[in-house]
2 protein chains.
Amino acid sequence: MEMQSQGYTEDECYRKLRTAIIDGTLMPAQRLVEMDLARWLGASRATVRTVLARLEQEGLVERERYRGARVRHVSHEEAVEILEVRMALECIIARYAAERATDEEIAKMEELLGWMREKFEEGDLVSYSEGNARLHRSIAEMSRHTTARRLLDTLNSQNVRYQYRTILAPGRSHPSFLEHAAIVQAIAGRDADAAEHAMRKHLSHVCDTLRKMRSGP
Amino acid sequence: MEMQSQGYTEDECYRKLRTAIIDGTLMPAQRLVEMDLARWLGASRATVRTVLARLEQEGLVERERYRGARVRHVSHEEAVEILEVRMALECIIARYAAERATDEEIAKMEELLGWMREKFEEGDLVSYSEGNARLHRSIAEMSRHTTARRLLDTLNSQNVRYQYRTILAPGRSHPSFLEHAAIVQAIAGRDADAAEHAMRKHLSHVCDTLRKMRSGP
DNA sequence: TATGACAAAGATGTATACAACATGATTCTG
DNA sequence: CAGAATCATGTTGTATACATCTTTGTCATA
């Protein structure tokens, strides 16, 4: 008897489904039928089930008894809330990053900032926005604050689509770049207070921008 | 044929297992064998499985492939991290509570503070500590900040045992009471800045206390 | 005695089958 | 024709059985 292709592991399925939700392959409110996912992921229904439970706990999926799972829709108000929490957490990691970053890490961060400057000056706002995300991630790494990092990761997954729109808001790209430069400078100078301050200033601006976008989706 | 007692629903099992972990019925590093839990909870192994997956995502349980689940052990360093994040989140909800609380809610909060004062003066520190937790929960409710509340809830579940020891640290009960009184007063006065400030001061003290307890469990 | 192979036991991961439930179409009734 | 009851379909929830892996204990051998 031939062996069936032995299906992917739970964590692989978790990551695949998660990224599909985050990058918009699966749209909010879309039904997630267990059998369909099982076939798509090459896994059993049981595996899909636990994955859905985890994603529910993470806030990416909504489940209702006997009615199945759907991609969770993040309202505008909730996006603001999430950004507020993010702001608080990013202040923590900025502070720790200033205290704990190695020289190599700082060099890499500054290199990344230079790359962002290029993209910004070229007017390539999509690449710039990607660099933005990478910068925040690298700061989180440098902080070595496991708890804050983990929470930030789940929060970020929930408002990626919104972040896109804030960074591209008219007239926001130049201030955004200057704010990021200030953060990098503070961390490079090992000044924890300045790092926290710069980060708070940056995110409070993003927050204001988002609050004003009441008309958005 | 007689109907078997028809098993509890997933959410019931989730809550029951969760509280068992939080209140210490199940100790850290203890193995969680699916069949045993299934019998204890009166549910199927499949249900237990999804519950364990959720609790893992929440940080209360650790799972390893083919090796089962255990109650997660929270290290001292992690307890400090968690408290730092809590501090940031509690500042947010304190601010919003000051802005959004109704008169009835404020009256109830002040009543609770009075009760805590009694218990404190009676030297009943266990009841006082319970009141402490209830006060923080009521502030979280008043804030109407769903996101921060949800995260705080999961974080609190992870360092309950530590909190107990900080509140009972020698000489900490009187300052603790004064700090809580200041928070209540600020919220009652609808002063968001003062509320955030008082909360930050309070939790930074708790944080310091915890940092000094290197010898603890 | 120490060490390594090997088998037995126990637990987890997965497939299958079936029962419980929600939903929407169909039929019956006034 | 309107509305309620009924049935058909599809999906989720659960039980069972089995495969797979880890762990432990045994035994032979140097």
Side-chain angles (χ1 to χ4, degrees), chain A residues 1-21 25-73, chain B residues 1-21 25-73:
Chain A
M1 203 57 169
E2 179 140 348
M3 192 75 149
Q4 274 284 81
S5 70
Q6 56 156 19
Y8 289 101
T9 158
E10 184 191 314
D11 275 316
E12 287 168 333
C13 295
Y14 168 74
R15 274 191 287 274
K16 189 166 175 184
L17 186 51
R18 186 171 186 271
T19 57
I21 292 173
T25 305
L26 296 165
M27 297 291 288
Q30 180 165 341
R31 286 193 67 181
L32 300 174
V33 177
E34 296 177 355
M35 269 308 281
D36 298 351
L37 293 180
R39 272 191 284 270
W40 178 54
L41 296 168
S44 75
R45 241 188 85 202
T47 307
V48 170
R49 216 138 207 299
T50 63
V51 167
L52 288 175
R54 289 171 67 181
L55 290 170
E56 179 192 34
Q57 206 65 23
E58 198 173 345
L60 287 174
V61 157
E62 241 173 358
R63 285 193 311 156
E64 236 174 328
R65 192 176 166 84
Y66 291 120
R67 300 189 57 192
R70 311 177 93 84
V71 179
R72 201 158 91 84
H73 171 72
Chain B
M1 204 55 169
E2 176 140 349
M3 192 75 148
Q4 273 287 77
S5 69
Q6 56 156 21
Y8 290 100
T9 159
E10 184 190 314
D11 275 317
E12 288 167 335
C13 295
Y14 168 73
R15 274 191 288 271
K16 191 167 175 184
L17 187 51
R18 186 171 187 272
T19 60
I21 292 174
T25 305
L26 296 165
M27 298 290 289
Q30 181 165 342
R31 285 194 67 180
L32 300 173
V33 177
E34 296 177 356
M35 269 309 280
D36 297 351
L37 293 180
R39 271 191 284 269
W40 177 56
L41 295 168
S44 74
R45 239 189 86 202
T47 307
V48 170
R49 219 143 203 303
T50 62
V51 168
L52 287 175
R54 288 172 67 181
L55 290 171
E56 179 192 33
Q57 205 66 23
E58 199 174 346
L60 288 175
V61 158
E62 240 172 359
R63 285 192 312 156
E64 237 174 325
R65 189 173 168 87
Y66 291 122
R67 301 190 54 192
R70 311 176 94 83
V71 179
R72 200 157 91 85
H73 170 72

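Quick note: numbers below take in every heavy atom, side chains included, and nothing from hydrogens, waters or symmetry partners. Here the structure is a predicted model, which is why all the values come from computation and not from measurement. Here is the naming used below: chain letters follow the sequence lines, and residue numbers restart at 1 for every chain.
Rounded to a whole Å, the CZ atom of A:Arg39 is 16 Å from the C1' atom of C:dT14. Between A:Arg45 atom CZ and D:dA17 atom P the separation is 19 Å, expressed in whole Å.
Contacts between residues 61-69 of chain A and DNA chain D, defined by a heavy-atom separation below 4.0 Å, involve A:Arg65, A:Tyr66, A:Gly68, listed by number. For DNA chain C, the residues of residues 29-38 of chain B within the heavy-atom distance limit of 4.0 Å (strictly under) are B:Arg31, B:Leu32, B:Val33, B:Glu34, sorted by number.
Note that CZ of B:Arg72 and CD of B:Glu62 are 6.0 Å apart. Values are rounded to the nearest 0.5 Å. Here the CZ atom belonging to A:Arg39 is positioned 13.0 Å from the OG atom belonging to A:Ser44, to the nearest 0.5 angstrom. In this structure, CG on B:Leu32 lies 10.5 Å from CG on B:Leu60, to the nearest 0.5 angstrom. The structure places NZ of A:Lys16 at 6.0 Å from CG of A:Leu41, a figure rounded to the nearest 0.5 Å.
In this structure A:Thr19 satisfies the side-chain contact (heavy atoms from CB on, under 4.5 Å) test with no other residue, sequence neighbours excluded.
Taking 4.5 Å as the limit, every side-chain heavy atom of B:Thr47 sits out of range of all side-chain heavy atoms of B:Tyr8.
Checking each of B:Glu34, B:Glu56, B:Glu58 against B:Arg63 for a salt bridge (charged side-chain N to carboxylate O under 4.0 Å, His left out) leaves exactly one that passes, namely B:Glu56.
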Self-check item: A:Arg54/A:Asp11 under salt bridge (Lys or Arg N to Asp or Glu O under 4.0 Å): CA gap, chis, key distance, verdict
Solution: CA-CA 10 Å; A:Arg54 289 171 67 181; A:Asp11 275 316; 3.2 Å; yes
